[in-house]
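What you see is a predicted model, and the numbers here were worked out from it, not measured in a lab. Lettering of chains follows the sequences in order, A, B, ..., and the numbering in each one begins at 1.
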Number of protein chains: 2
Amino acid sequence: MKKPLPTPPTATLQTHLGYWLRLVSNQVSAGFARGLQARELSVAEWVALKQIEGASAVTPAQVAAATGMTRGAISKVLDKLEERRWLARSLSISDNRVQHLALTARARHALPELTAIANQNDEHFFHVLDGAEQALLRGLLQKLAAAHHLHTVPVD
Amino acid sequence: MKKPLPTPPTATLQTHLGYWLRLVSNQVSAGFARGLQARELSVAEWVALKQIEGASAVTPAQVAAATGMTRGAISKVLDKLEERRWLARSLSISDNRVQHLALTARARHALPELTAIANQNDEHFFHVLDGAEQALLRGLLQKLAAAHHLHTVPVD
DNA sequence: TATTGTTATACTCTATAACTATA
DNA sequence: TATAGTTATAGAGTATAACAATA
């Protein structure tokens with residue numbers, strides 16, 4: 001004889017793809033955040049470092065635009081990096097309102113270890129997928145990103 | 001002639017699968033959070049509602065365990081739901097330390113609309129994938145969740 | 001002693017908006 | 001007037017740990 005069920009919901013949380021995406025993504029991000037935390041770095045700080053390293057964003061306003069954060073929030077992130085002597089701010093010659101951002105040698109020295117943390121975290125979570133599956137997942141996510149015009153770099 | 005590149009980084013942010021996962025997941029979650037916000041509900045509150053609806057968790061401690069939040073955090077989430085008259089707390093007959101949680105009729109009346117918000121959000125983000133692609137994505141994410149023993153319900 | 005749930009406190013992250021200095 | 005960057009303030013969300021009641 002069956003045990004009576006509590007009123008079954010119309011749909012469970014697990015029905016939604018967004019649920020699975022969030023479940024896995026949160027774990028990957030939390031793992032990465034823990035890895036960075038051992039080096040006293042936040043994900044937002046890591047992203048800013050990489051933006052400046054790649055020179056895809058060399059002013060605070062550009063970092064803000066690239067990440068979708070406000071200029072106020074970026075200002076604090078850059079403060080942290082500068083306190084740590086990983087970032088040098090200098091005024092633009094042509095416009096004294098504008099700053100140019102550059103990584104210090106100390107930052108460039110630390111980057112390989114941070115990159116290793118990122119690599120290891122990715123490896124740890126995705127190694128259970130073979131190469132073809134990883135390529136498939138990447139393709140699907142990139143298709144979604146492209147379709148929704150996602151340009152900004154996620155920092156949380 | 002090629003334009004000289006700025007010092008190329010060892011690996012870009014986009015190298016990592018975690019990057020793409022976070023990029024897409026954050027957008028889906030943010031979209032859902034906006035949808036719920038129009039009904040003055042947080043994602044954590046929505047998850048708690050669904051946990052109680054499904055009766056997979058009927059005490060605060062069980063909701064805490066299911067979501068990975070602390071009992072202190074859950075207590076506040078439940079306060080919000082109770083203030084709204086969506087939740088009834090009652091003491092267990094057999095153990096006066098324990099509470100039993102139940103949704104009110106008011107909550108059950110509101111659930112279909114909230115579920116519609118969740119459905120629409122999922123539909124909005126994933127409709128660019130066809131049925132086969134969605135199944136593929138779901139399968140890959142579930143494989144990752146299973147491999148890493150992810151049981152808790154993500155609330156942020 | 002151990003457990004359930006609550007509460008006081010603090011911390012992190014971020015947005016908003018006022019502010020300064022330049023242009 | 002408009003823009004770059006900073007700062008003051010506030011809010012959301014959550015953890016930690018002390019707490020009261022109960023077992």
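- Sparse packing is recorded around CD of B:Gln37, with 12 or fewer heavy atoms of other residues, nucleotides or ligands lying under 6.0 Å away.
- For the pair B:Leu78 and A:Ala44, nearest-nucleotide mapping onto DNA chain C gives the more 5' position to B:Leu78.
- Other residues, nucleotides and ligands place more than 12 heavy atoms under 6.0 Å from the CZ atom of A:Arg89.
- Distance CG (B:Leu91) to P (D:dA23): 10 Å, rounded to an integer number of Å.
- Between A:Asn96 and C:dA23 there is a side-chain polar atom (N or O) within less than 4.0 angstrom of OP1 or OP2.
- Listed for the B:Thr115 side chain is a donor-acceptor partner under 3.5 Å among the backbone atoms of B:Leu111.
- OP1 or OP2 of D:dA15 has at least one side-chain nitrogen or oxygen of B:Thr70 nearer than 4.0 Å.
- The side chain of B:Ser75 has C:dT7 as its nearest neighbour among C:dT7, D:dT7, C:dA15.
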Show me, pair by pair, the donor-acceptor contacts under 3.5 angstrom made by side chains of residues 133-140 of chain A, not counting sequence neighbours?
{"residue": "A:Glu133", "atom": "OE1", "partner": "A:Asp130", "partner atom": "N", "Å": "2.9"}
{"residue": "A:Glu133", "atom": "OE1", "partner": "B:Lys143", "partner atom": "NZ", "Å": "3.2"}
{"residue": "A:Glu133", "atom": "OE2", "partner": "B:Lys143", "partner atom": "NZ", "Å": "3.0"}
{"residue": "A:Gln134", "atom": "NE2", "partner": "A:Phe126", "partner atom": "O", "Å": "2.8"}
{"residue": "A:Gln134", "atom": "NE2", "partner": "A:Leu129", "partner atom": "O", "Å": "3.1"}
{"residue": "A:Arg138", "atom": "NH1", "partner": "B:Gln14", "partner atom": "O", "Å": "3.2"}
{"residue": "A:Arg138", "atom": "NH1", "partner": "B:Thr15", "partner atom": "O", "Å": "3.2"}
{"residue": "A:Arg138", "atom": "NH2", "partner": "B:Thr15", "partner atom": "O", "Å": "2.8"}

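- The side chain of B:Asp156 approaches D:dT14 more closely than any other nucleotide in the set D:dT14, C:dG5, D:dA23.
- B:Glu45 places its CD atom 14 Å from the C1' atom of D:dT14, with the value rounded to the nearest Å.
- Remark: A:Arg89 is in phosphate contact with D:dT6, judged by side-chain N or O atoms under 4.0 Å from OP1 or OP2.
- In this structure, A:Ile93 and A:Met69 both approach DNA chain C, and ranking their closest nucleotides by distance from the 5' end singles out A:Met69.
- D:dA17 atom P lies 16 Å from atom NZ of B:Lys76, rounded to whole Å.
- Atom CD of A:Glu82 and atom P of D:dT7 are 11 Å apart (whole Å).
- Bending across the helix from C:dT1-D:dA23 to C:dA23-D:dT1, expressed as the angle between its end axes from five pairs apiece, amounts to 20° (10° rounding).
- Nearest nucleotide to the B:Arg71 side chain, out of C:dT4, D:dA15, D:dT7: C:dT4.
- The pair A:Lys80-A:Glu83 fails the salt-bridge criterion, with no side-chain N (NZ, NE, NH1 or NH2) lying under 4.0 Å from an Asp/Glu carboxylate O.
- Counted within 6.0 Å of NE2 on A:His109, heavy atoms from surrounding residues, nucleotides or ligands total 12 or fewer; the atom is thus considered open.
- Atom CG in B:Asp79 sits roughly 12 Å away from atom P in C:dA8 (whole-Å rounding).
- Residue B:Leu36 contributes atom CG, which lies 16 Å from atom P of D:dA12 at whole-angstrom precision.
- The aromatic rings of B:Phe125 and A:His148 sit tilted, their planes meeting at an angle between 30° and 60°.
- A side-chain donor-acceptor contact under 3.5 Å links A:Asp122 to the backbone of B:Gly18.
- Close to C:dT6, at under 4.0 Å from its OP1 or OP2, lies a side-chain N or O of B:Gln99.
- If you measure from atom CZ of A:Arg34 to atom P of C:dT12, you get 18 Å, rounded to the nearest angstrom.
- Checked by distance alone, A:Arg97 brings no side-chain donor or acceptor within 3.5 Å of a matching partner on the base of D:dG5.
- Comparing atom distances between the A:Asp95 side chain and each of D:dA4, D:dT14, C:dA23 picks out C:dA23 as nearest.
- Whole-Å rounding puts the A:Ile74 CD1 to D:dA4 P distance at 14 Å.
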